[in-house]
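Remember, it's 1-based here, ligands and their atoms both numbered in the order they're listed. Just so you know, these numbers use all the heavy atoms, side chains as well, and skip hydrogens, waters and symmetry mates. Throughout, residue positions are numbered sequentially from 1 according to the sequence presented.
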Amino acid sequence: MTVTGLLGEIADVGRDPRRGGYSRHGFSSVESSLREWFAEAAARRDLDVHTDRNGNIWAWWGRPEPDAVITGSHLDSVPGGGAFDGPLGVTSALAAVDVLRASGFQPARPLALVVFTEEEGGRFGVPCLGSRLMSGSLDADAARRLSDPDGITLAEAAASMGLDPAGLGTDEAALAGIGCFVELHVEQGRLMDRLPGTPSVAVASSILAHGRWRFTITGTGNHAGTTEVADRRDPMLPAAAAVLAARRALGSRESARATVGRLLPTPGGTNVIASAVDFWLDARAPDGPEARAVVAEVEAAAREAAAEEGCELTVREESYGGAVHFDSVLRDRLAAELGGPGGPVPVLPTGAGHDAGILAARVPTAMLFVRNPTGISHAPAEHAEPADCTAGTDALARVLESLCR
Ligand code: GLV
Ligand code: MN
Ligand code: MN
């Protein structure tokens with residue numbers, strides 16, 4: 001089946017009528033439907049499907065043996081996300097199997113498709129949960145204690161899906177079996193679209209260092225109509241100062257990013273001065289020190305404004321990962337093999353995080369990008385043209401064929 005046909009099969013799963021787009025959070029009933037859909041699609045292709053102890057789903061073409069070539073992505077989304085971030089990599093992997101089968105290809109190396117769980121961190125706050133747990137970059141006890149906005153812990157959510165929470169954590173056996181991992185993903189910017197010839201496919205070079213920090217500012221809850229200015233301890237003011245500082249911090253840092261995309265006043269009444277405000281800073285930069293300098297600048301602004309307003313501030317790091325530089329041998333091999341008479345396909349960096357970035361610390365890893373004509377992502381308008389998606393599938397099939405020879 002074509003990649004667009006496969007995307008069509010899940011087009012109605014997890015639509016979010018309020019936000020638009022899709023809300024497909026990890027360990028939810030929506031994600032479970034998608035996981036079942038994947039397992040059935042893989043089984044129809046005679047792939048052997050199993051779920052590992054961190055909730056990642058594997059579908060094997062051939063016996064699970066060492067030095068396997070692995071491809072896949074994720075099916076969960078941000079709140080109100082697009083149709084392509086994650087699912088394009090999963091559907092392209094299934095479609096690439098169809099392309100290879102139709103050509104009569106038999107892999108000499110074992111080949112498996114993988115769906116990683118909770119890549120966006122949309123529910124438990126930590127991105128790339130499945131690949132972090134598996135690769136040991138997230139402590140299993142800390143992970144079990146993570147809780148969602150309703151207070152449900154990851155341990156509880158995992159148990160409700162039939163996973164043993166005690167089994168969460170580093171999976172050296174699974175890692176030892178991976179010869180290499182290739183993730184196909186929609187591009188989440190416009191680098192490809194701005195290149196001459198607007199190529200359909202590119203290869204990834206690197207990912208920005210990236211972390212998430214939770215700021216909690218406490219003040220005094222009070223009446224919006226009766227509280228005089230001198231009596232106000234309003235945590236919304238230092239929160240606003242921090243949001244502005246996040247933008248200011250980017251002024252002299254061309255490649256850094258700082259975003260406050262989520263802000264939660266307590267109790268959250270129109271006619272109530274909040275007693276507390278929580279907000280999350282997503283900061284990224286070409287290297288860790290620069291990302292941390294951005295955070296320090298925002299924190300300093302929040303602290304100064306909190307002191308002026310008589311509020312208290314606490315800051316907690318919820319996740320962090322250093323910059324990723326993909327395996328140069330695999331990167332150059334893929335770029336050359338997918339190139340034509342004009343040379344290799346483009347090799348481009350990204351600011352978006354991926355399971356491939358987590359696995360890169362443990363196994364040779366590469367990524368293929370499919371052109372995104374608007375660059376919009378993490379939003380309902382995210383788009384990739386069908387012809388580019390097909391070109392991505394064909395590229396992935398060629399890469400898998402070459403790696404599995
Ligand atoms: C995930 O897509 C991220 O970059 O936050
Ligand atoms: Mn994403
Ligand atoms: Mn993604």
Side-chain angles (χ1 to χ4, degrees), residues 7 10 14 16 19 21-26 31 34 38 56 71-93 114-132 137-138 181-189 191 204 206-214 246 255-262 280-286 291 294 317-324 326 348-360 365-370 372 374-384 389 392 396:
L7 283 168
I10 55 172
D16 189 326
R19 299 180 176 105
Y22 296 93
S23 289
R24 298 163 161 170
H25 297 313
E31 200 213 21
L34 291 168
F38 172 76
N56 306 311
T71 186
S73 191
H74 61 98
L75 291 170
D76 67 305
S77 76
V78 296
F84 297 87
D85 177 358
L88 183 63
V90 175
T91 51
S92 298
V114 65
V115 174
F116 286 108
T117 199
E118 175 90 332
E119 190 268 355
E120 299 288 4
R123 179 166 175 192
F124 291 100
V126 177
C128 302
L129 202 50
S131 55
R132 277 183 204 260
S137 73
L138 175 64
F181 176 58
V182 180
E183 178 171 0
L184 179 146
H185 207 280
V186 66
E187 202 206 353
Q188 295 173 284
L191 294 181
S206 59
I207 299 181
L208 296 177
H210 171 211
R212 296 176 177 189
W213 287 264
R214 179 179 183 153
S255 301
R257 311 276 182 258
T259 307
V260 177
R262 185 173 162 214
W280 284 258
L281 174 68
D282 178 307
R284 312 183 190 212
V294 168
E317 182 177 298
E318 291 200 336
S319 70
Y320 178 75
V324 175
F326 288 110
L348 301 169
T350 182
H354 300 286
D355 293 304
I358 302 297
L359 286 191
T365 299
M367 288 192 76
L368 304 183
F369 290 137
V370 168
N372 177 336
T374 62
I376 291 177
S377 188
H378 283 187
E382 182 180 79
H383 184 66
C389 295
L396 182 62

Starting from atom 1 (C) of ligand 1, locate the nearest protein heavy atom and write down its residue, its atom name and how far away it is, to 0.1 Å.
-> Glu120 OE1, 3.3 Å
What protein heavy atom is closest to atom 2 (O) of ligand 1, reported as residue, atom name and distance in Å?
-> His378 NE2, 3.0 Å
Under 3.5 Å: donor-acceptor pair, side chain of Asp282, backbone of Thr259 = no
Is the backbone of His74 close enough, under 3.5 Å, to the side chain of Glu119 for a donor and an acceptor to pair up by distance?
-> no
If we only count heavy atoms from C-beta on, is the [X] to [Y] side-chain gap below 4.5 Å?
{"X": "Leu396", "Y": "Leu368", "value": "yes"}
{"X": "Ser206", "Y": "Val324", "value": "no"}
{"X": "Pro79", "Y": "Arg262", "value": "no"}

Can you name the closest pair of heavy atoms from Glu382 and Phe84 and give their distance?
-> OE1-N, 2.8 Å
With heavy atoms of Gly353 as the reference, note each atom of ligand 1 found under 4.0 Å away.
-> 1 (C), 2 (O), 3 (C), 4 (O)
When rounded to the nearest 0.5 Å, the distance separating OG of Ser131 from CG of Asp355 is 3.5 Å
Heavy-atom proximity to atom 3 (C) of ligand 1 ranks first, among His354, Arg212, His185, Arg284, for Arg284
May I ask you to check if ligand 1 and Ala352 share an N or O to N or O distance below 3.5 Å?
-> no
Parallel, tilted or perpendicular: which describes the rings of Phe181 and Phe116, with under 30° parallel and over 60° perpendicular?
-> perpendicular
Only protein N/O/S atoms count here: give how many lie under 2.8 Å from the Mn ion (ligand 3).
-> 3
